[in-house]
Amino acid sequence: MLERATRTIKTAGLLLAAYFALNIVLRIALPHSLELDEAEQSFFSQYLLAGYGPQPPFYNWMQYAVVSLTGMSIGALIVPKNILLFLSYLFYGLAGRRVLKDQTLAAIAMLALITLPQVSYMAQQDLTHTTALLFASALFLYAFFRTLDRPEMGSYLLLGLATGIGLISKYNFALMPVAALIAILPDSEWRRRALDWRLLAAIAVALVIVLPHAIWLRNNLAFASSDTLVKMAAGNEPAGMVRAGKGLLAFLVAIIAFAALPVAIFAGTFRRDFIRALSAGNRWTGMMERMMLASLAGIALIVLFTGSTTVRERWLDPFLLVLPIYLLAKMQAAGIDLSAGLRRLRPLLPVLMACVLIALGLRVVGAGLIGTYARPNVPMAGFSREMTRQGQPALVIASDTYVGGNMRLQFPDVPVVIPDFPVPGIPAYDEAKGPVLIVWRGKKTATAADAVMPDRFTSALTAAGIAPREIGSLSLPYYFGRQGDNFALGYAWARPGMR
């Protein structure tokens with residue numbers, strides 16, 4: 001039955017649709033306390049802006065549109081993300097069909113994305129902007145391969161669409177079209193694709209998509225790059241060969257961590273055929289090799305230029321995403337009968353899907369067994385009930401986007417603000433039409449939060465004429481937690497105009 005299901009893009013797509021439907025059901029069945037990125041999207045979905053901070057706005061724009069239509073709920077956060085991931089796999093399979101020219105191998109390539117932990121597990125666990133990047137990268141690969149295979153106006157326009165979406169999904173996507181251009185230069189026929197006048201139409205489409213954020217970025221470059229620079233910061237190592245060596249070593253480890261599982265699975269299932277295929281190739285595999293090498297060379301230069309000693313595997317998503325297609329193309333180019341290897345690989349793919357679902361559930365349900373808690377274990381619904389026993393707030397002021405996003409989910413009809421996010425259209429603190437609830441993080445495992453308001457709250461509220469009262473704290477047990485393991489929040493009530 002599984003063999004028949006993987007013969008075509010269509011049937012493999014149905015299998016993936018069922019898999020992502022199960023992911024949605026699982027997430028909705030788990031506690032509705034939000035992950036870090038989910039909370040950020042919950043908070044930012046109140047506003048339509050050209051830029052939101054260190055990350056480009058594509059996912060925020062999509063989330064804003066969904067919440068505007070459906071209202072805030074856990075489903076409004078989870079369903080769009082899984083649809084985007086499903087489309088990532090689908091476009092990846094369509095890209096594979098252009099290279100592999102075989103429906104069965106293209107379907108296997110699409111399902112083989114599950115072998116990349118950064119795509120299968122990490123994206124489901126929390127990541128949102130990386131999910132947008134995966135979608136844009138898969139769409140770009142399809143559009144790029146389609147343009148090489150069939151240079152029609154539609155292919156070029158799709159290439160421009162994918163490029164525009166990618167550039168406003170994650171900034172590191174900018175290397176991908178550059179690497180693609182470098183990859184086709186040695187091939188005289190494909191080089192003409194880059195000189196075709198229709199490429200101007202693709203560039204125009206990309207510019208239209210990018211322009212609103214590009215205008216914002218021009219005036220907020222330091223703000224937009226701050227988070228990435230902090231994550232790449234080198235710590236206390238002095239500049240020089242030692243720091244450069246640590247950065248390149250971290251880069252090499254990230255490449256190995258990204259590629260190890262799919263390479264091991266392909267080697268284990270295709271065995272000697274996989275080894276024989278390593279020396280085979282054709283124009284498609286050569287192009288993909290140049291594309292990956294050019295991308296990785298670009299990242300290596302960035303590591304050296306910035307002095308970074310930190311490289312995360314997910315930063316390599318757009319550049320090594322093509323790996324399963326590349327490995328299958330190598331084996332196809334070797335003229336090997338792949339039927340035996342495919343028989344061994346097919347049953348492994350749904351097993352990996354099941355492992356992802358089990359791992360996602362156990363990290364929450366089984367958290368108390370090891371005493372390490374995920375953010376869905378935090379009892380946000382319990383906090384909201386306890387804090388509002390005496391009445392509902394007209395405005396919530398939160399310490400950060402994590403607390404603010406969770407409060408937004410608990411009180412979907414109440415404006416939520418944070419002190420350091422002044423945006424036009426947010427109600428001024430002193431214009432709230434009723435009680436103001438102020439919430440901040442306590443200590444994770446404290447028996448009670450320190451009921452002292454953070455200084456930045458005090459100064460902001462004093463300037464707005466809000467006098468906090470009823471300052472208190474709550475410490476509640478984690479969902480599925482061990483006895484005595486609590487999470488704490490501090491809170492206060494205030495009324496506008498009361499000094």
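Positions are given from 1, in the same order as the sequence printed here. Owing to the predicted nature of the structure, the values given are computational and were not obtained by experimental measurement.
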Show the numbers, then the answer: is there a ring-ring contact (aromatic ring centres under 6.0 Å, His included) between Trp284 and Tyr326?
CA-CA 8 Å; Trp284 284 102; Tyr326 169 72; over 10 Å; no

What pair of heavy atoms forms the shortest contact from Tyr92 to Ile325, and how long is it?
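So the two residues come closest at OH-N, 3.2 Å.
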
After noting the C-alpha distance and the side-chain angles of Phe274 and Val263, does the key distance pass the side chain to side chain contact (heavy atoms under 4.5 Å, CB included) rule?
CA-CA 9 Å; Phe274 180 82; Val263 170; 4.1 Å; yes

Do the rings of Phe140 and Phe144 sit parallel, tilted or perpendicular, given the 30° and 60° boundaries?
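Taking Phe144 first and then Phe140, their aromatic rings lie parallel (interplane angle under 30°).
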
Taking atom types as modelled, is there a side-chain donor on Glu40 or His129 under 3.5 Å from an acceptor on the other?
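The answer is yes; a qualifying pair exists.
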
Hey, does [Y] have a side-chain heavy atom less than 4.5 Å from the side chain of [X]?
X	Y	value
Asn406	Ser42	no
Leu141	Met176	yes
Leu34	Ile74	yes
Phe20	Met353	no

Verdict with supporting geometry, Val99 and Thr285, side chain to side chain contact (heavy atoms under 4.5 Å, CB included):
CA-CA 9 Å; Val99 174; Thr285 61; over 6 Å; no

Please check this pair: side chain of [X] against backbone of [Y], looking for a donor-acceptor N/O pair closer than 3.5 Å.
X	Y	value
Ser88	Leu84	yes
Ser155	Pro151	no
Ser33	Met380	yes

Check step by step if side chain to side chain contact (heavy atoms under 4.5 Å, CB included) holds for Val378 and Tyr479.
CA-CA 6 Å; Val378 177; Tyr479 295 126; over 6 Å; no

For the CG atom of Asp37 and the NZ atom of Lys81, what is their distance to the nearest 0.5 Å?
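Between atom CG of Asp37 and atom NZ of Lys81 there are 7.0 Å.
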
Can you tell me how far the CG atom of Leu100 sits from the CG atom of Leu105, to the nearest 0.5 Å?
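Spacing of CG (Leu100) from CG (Leu105) equals 5.5 Å.
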
Tell me, yes or no, whether the heavy-atom count around Glu189 atom CD, taken from other residues, nucleotides or ligands under 6.0 Å, exceeds 12.
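Buried by this count: over 12 neighbours within 6.0 Å.
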
Centroid-centroid distance, Phe43 to Tyr402, less than 6.0 Å:
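When the ring centroids of Phe43 and Tyr402 are compared, they turn out to be at least 6.0 Å apart.
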
With salt bridge (charged side-chain N to carboxylate O under 4.0 Å, His left out) as the rule and sequence neighbours excluded, what pairs involving residues 171-184 come up?
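Applying salt bridge (charged side-chain N to carboxylate O under 4.0 Å, His left out) to every pair that reaches into residues 171-184, excluding sequence neighbours, yields nothing.
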
